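Note that the structure is a prediction, hence the values are computed from the model and not measured. Quick note on labels: first sequence line is chain A, next is B, and so on, each numbered from 1.
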Amino acid sequence: MIKAITGTKDILPGEIEKWQFLEKLVRNELENFNYNEIRTPIFEETALFSRGIGEATDIVSKEMYTFKDRSETSISLKPEMTASVVRAVLEHSLDKQFGLNKLYYISPMFRQERPQAGRLRQFHQFGAEALGSMHPALDAEMILICYRIFKILGLKNVSVKINSLGVPESRENYKKILREYLSDKIKDLSEDSKKRYETNILRIFDSKDERDSEIMKNAPLLIEYLDNVSLEHFEKVKQILLAAQVPFEVDPVLVRGLDYYTNTTFEILSGSVGSQSALCGGGRYDLLSEQLGGRKIPGVGFAAGMERILLACQNEGILQLPETCIDVYVVRIDKELENETAAFGNLLRERNLKVEFDYQSRSVKAQMREANRLNSINVIMFGGEEYQRGSAVLKNMKNGEQQEVNLSDIDSLINKLK
RNA sequence: GUGGGUGUAGCUCAGUUGGUUAGAGCGUCUGGUUGUGGCCCAGAAGGUCAUGGGUUCAAAUCCCAUCACUCACCCCA
């Protein structure tokens, strides 16, 4: 038997309702904030991601699904959306048509990592990008949108972390200082952190190794080396969040794995999922469009993991959706009336009712059991002597009451069914 | 890529120190008189015990390998 690829999942009836609910909620919220949906292709030229996200990042260096098409072009399945959205805005000159572009998406993403709780190879994100403004209100808005959605869902165990990475110059300067601080302590670091010292020194801060934490306790912090403009921007973001009553904490060691971030970064974590606890993450990327070879367009955005959100909901016992039901089950009493029963059922379907009937020539009892299993609100018994005189039996399945209804007066029948 | 755990019916799981035709609950299907659901009752279908080797008179049970799933590291949504 061929099975689904490792790290991919079928979403079956019973589960899909939760996805539809979440998608509807997300659309509604993002549209209230006046974001417009954008859909970009599932794959792009690999160079878009390697340039946008950063050649050295884990995503690009070891997690992308990359292959060559028949014309030898290197193609990659999208591992995230920001680079694609910026590409689309540049390509269609949306930045010239509108001063500010507020866009949102709901889409599958692909990363070839080892699957675990809250991590798949094909996973789904919703997110938003606001392009064309440096205003801190938009940074705060991203956080507010996520926070609102989690709140509406009823998630309890969430915490908002924010930080500022400043501009690249101050970050590089800071890295130098951190490198100096650690230069005589390298030998005491964990093996992982020794590697991080070379590849991604900021990551040593969130090492889970005790020795590392001990060493990092007294390390200089990035925020102490930010330029004044960045600091001021960060202050404004915080003030707006306070005014919007979004609880948050500044996490001076919040580092994100994508190269394009400048100034604000944030994550919202859940204590209700496994160790992959970030439900969403994002930040500002004022230099990305130029890195992609385009005009300068400042931007800020976020992405949220839908599997993780649904997992958190499940673990917190929220998002209990009502059972599905149908309006009418048409029970066929006489075997020879199969065609007429189907035609009648389809007539009701045309009148926008959710209707089911039997396709297997089953007994009346079996049809009734099926109607019950489907939570049918009504049953229409089609056939027998009532059929001979142009009527049928309508049964209300909640209270069991039955009445004879005239089949020639469909409108009054429909009224009874609605 | 590196570790740990787990693989028995569609689902959730039992299966005693290796010992006859492999079990339960739920679900599915049929029936409980001629045209009526839920509850109840009766019955049925459904398993190469993940796969391949090995040990043994005898393996779901012990050993090895492979694969899959799962959790964690790394990293991230």
Measure from [atom1] on [X] to [atom2] on [N] and round the result to the nearest Å.
X	N	atom1	atom2	result
A/I106	B/A77	CD1	P	18 Å
A/M368	B/C39	CE	P	14 Å
A/K194	B/C73	NZ	P	21 Å
A/K195	B/C73	NZ	P	15 Å
A/K62	B/C74	NZ	C1'	6 Å
A/E80	B/C75	CD	C1'	14 Å

Original post:
Paired stems touching RNA chain B, three or more consecutive Watson-Crick or G-U pairs with both distances under 3.5 Å?
Top reply: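 Stems for RNA chain B, defined as runs of 3 or more consecutive pairs: B:1-7 with B:67-73, B:10-13 with B:23-26, B:28-32 with B:40-44, B:50-54 with B:62-66.
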Using a 4.0 Å heavy-atom cut-off, does [X] contact any base of the nucleic acid, only the sugar-phosphate backbone, or nothing at all?
X	result
A/E307	nothing
A/I380	nothing
A/R111	base
A/K3	sugar-phosphate
A/G383	nothing
A/A371	nothing
A/I309	nothing

With respect to the phosphate group of [N], does any side-chain polar atom (N or O) of [X] fall under 4.0 Å of OP1 or OP2?
X	N	value
A/T57	B/C75	no
A/S275	B/C71	no
A/K365	B/U34	no
A/Q367	B/U36	no
A/R119	B/C74	no
A/T6	B/C69	yes
A/Q116	B/A72	yes
A/Q276	B/C71	no
A/R196	B/C75	yes
A/R362	B/C29	yes

Subject >> Side-chain-base donor-acceptor pair under 3.5 Å for A/K395 and B/U36 >> reply: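 A donor-acceptor contact between them is present.
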Original post:
Is a donor-acceptor pair below 3.5 Å formed from side chain A/E386 to base B/G35, judging by atom type as modelled?
Top reply: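 Indeed there is one.
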Subject >> Base versus backbone protein contacts along nucleotides 40-50 of chain B [heavy-atom cut-off under 4.0 Å; B, S, -] >> reply: -----------
**OP:** Specify the residue among A/M381 and A/P115 whose closest nucleotide of RNA chain B lies further upstream toward the 5′ end.
**Re:**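 Looking at RNA chain B, the more 5' nearest nucleotide goes with A/M381.
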Original post:
Start at the 5' end of RNA chain B and walk down; is the nucleotide closest to A/R373 or to A/F123 reached first?
Top reply: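 Between the two, 5'-proximity favours A/R373.
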Subject >> Which nucleotide in B/A77, B/C74, B/G38 has an atom nearest any side-chain atom of A/D58 >> reply: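 When the side chain of A/D58 is considered, B/C74 is the closest of B/A77, B/C74, B/G38.
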